[in-house]
There are 2 protein chains.
Amino acid sequence: MFKPLDPLLHSQLRLAVMSLLIGVEEAEFTFLREKTESTAGNLSVQLDKLEKAGYIGIEKSFKGKRPLTTCKITKVGLKAFEEYVENLRNYIE
Amino acid sequence: MFKPLDPLLHSQLRLAVMSLLIGVEEAEFTFLREKTESTAGNLSVQLDKLEKAGYIGIEKSFKGKRPLTTCKITKVGLKAFEEYVENLRNYIE
DNA sequence: TAAATAGGTTTATGATATAAACTATTTTAA
DNA sequence: TTAAAATAGTTTATATCATAAACCTATTTA
């Protein structure tokens with residue numbers, strides 16, 4: 001009936017990040033920060049967790065002379081997200 | 001875009017409880033415990049929080065000689081749940 | 001060249017979810 | 001008839017987590 005909800009995704013900010021990443025090829029740190037209206041510190045921590053779980057990939061490079069962090073959802077992440085949503089539906093429908 | 005999710009509802013067990021209470025006139029503690037597969041301690045704590053927020057009403061009585069705790073969703077609780085679900089949709093659709 | 005901005009990371013803390021331990025009563029088994 | 005187990009919870013302890021504050025380094029601007 002109520003399947004457990006992946007604690008990594010059952011978090012407002014991480015869920016928002018995953019939601020954003022599903023719609024795009026890849027996204028920059030600042031883009032995610034603006035869209036989620038989060039602080040940089042919080043976003044940084046949550047991105048780390050998603051990366052460690054293998055849900056997203058993070059690439060660090062430079063845009064001109066400034067550091068650039070680019071995020072991309074992985075197959076594992078996409079699958080986890082879909083399963084989370086599927087499970088969540090039992091709670092809200 | 002991403003509206004904040006009511007922290008009181010963005011919790012697996014409390015959400016499950018509210019989900020159950022929406023479907024019924026009222027529900028006993030033991031019913032909720034079985035359906036959610038939670039421990040009694042956890043359930044007790046979460047019911048308290050829902051009650052303190054005014055999302056549910058709790059009545060204590062007796063069934064025969066044994067204590068009986070009965071829970072019921074309130075109008076405030078129903079509205080909060082509906083708003084939560086509405087906000088959540090932005091994250092998962 | 002001092003101050004502000006950009007693009008983050010690390011650290012501190014307060015809140016939260018959860019289970020373990022506990023209470024009180026009732027039923028069952030020996 | 002009393003010891004043990006079950007019922008129906010509550011209280012307490014803990015470990016984790018989300019979050020923002022503080023911090024860092026390089027770059028741009030006044």
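Below, read A as the first sequence line, B as the second, and so on, with proteins coming before strands; counting in each chain starts at 1.
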Note to self: Can you measure A:Asn42 atom CG to C:dA12 atom P for me and round it to whole angstrom units?
What the structure shows: 17 Å
Next item on the list: May I have the distance from B:Asp48 (atom CG) to C:dT16 (atom P), rounded to whole angstrom?
Entry: 14 Å
Notebook entry, point to check: Rounded to whole angstroms, how far apart are NZ on A:Lys52 and P on D:dA18?
Noted result: 13 Å
Next item on the list: Would you indicate, yes or no, if D:dG9 has its OP1 or OP2 atom less than 4.0 angstrom from a side-chain nitrogen or oxygen of B:Thr69?
Entry: yes
Margin query: Is B:Arg14 close enough to C:dA17 that one of its side-chain N or O atoms is under 4.0 Å from OP1 or OP2 there?
Written below: yes
Check: Whole-Å distance between D:dT25 C1' and A:Lys65 NZ?
Finding: 15 Å
Notebook entry, point to check: Which of the following nucleotides, C:dG7, D:dA8, C:dT26, is nearest to the side chain of A:Thr30?
Noted result: C:dG7
Next item on the list: Would you mind reading off the distance between B:Phe2 atom CZ and D:dT19 atom P, rounded to a whole angstrom?
Entry: 14 Å
Notebook entry, point to check: Side chains of A:Ile58 and A:Leu50: does their closest heavy-atom pair fall under 4.5 Å?
Noted result: no
Margin query: Heavy atoms only, 4.0 Å cut-off, all strands: where does A:Leu43 land among base, sugar-phosphate and nothing?
Written below: nothing
Checklist line | Residue B:Leu13, side-chain atoms from C-beta onward, closest of C:dT18, C:dG8, D:dA8 | finding: C:dT18
Check: Roughly, in whole Å, what's the span from CG in B:Leu8 to C1' in C:dA15?
Finding: 12 Å
Next item on the list: Count the heavy atoms belonging to other residues, nucleotides or ligands that lie under 6.0 Å from CD of A:Glu83, then report whether that count exceeds 12.
Entry: no
Margin query: Need one value for B:Ser11: base, sugar-phosphate or nothing, where a base atom within 4.0 Å counts as base even if backbone is also close, heavy atoms only.
Written below: sugar-phosphate
Next item on the list: Looking at every strand, decide which applies to A:Lys60 at a 4.0 Å heavy-atom threshold: base, sugar-phosphate, or nothing.
Entry: sugar-phosphate
Check: Looking at the side chain of A:Lys49, which of C:dT9, D:dC17, D:dT10 is the nearest nucleotide?
Finding: D:dC17
Next item on the list: Round to the nearest Å and state the distance from A:Leu15 atom CG to D:dA18 atom C1'.
Entry: 14 Å
Checklist line | Check against side-chain contact (heavy atoms from CB on, under 4.5 Å), A:Met18 and A:Ile56 | finding: CA-CA 8 Å; A:Met18 293 293 283; A:Ile56 67 171; 3.8 Å; yes
Check: How are the rings of A:His10 and B:His10 set relative to one another: parallel (under 30°), tilted (30 to 60°) or perpendicular (over 60°)?
Finding: parallel
Notebook entry, point to check: Just how far, in rounded Å, is C1' of D:dT25 from CZ of A:Arg66?
Noted result: 11 Å
Notebook entry, point to check: Any side-chain N or O of A:Thr39 under 4.0 Å from OP1/OP2 of D:dT19?
Noted result: no
Next item on the list: Under the side-chain contact (heavy atoms from CB on, under 4.5 Å) rule, what do A:Asn87 and A:Asp6 come out as? Steps first, then yes or no, please.
Entry: CA-CA 9 Å; A:Asn87 289 342; A:Asp6 182 345; over 6 Å; no
Notebook entry, point to check: When we call it a touch if two heavy atoms are under 4.0 Å apart, what does B:Gln46 touch: a base, just sugar-phosphate, or nothing?
Noted result: base
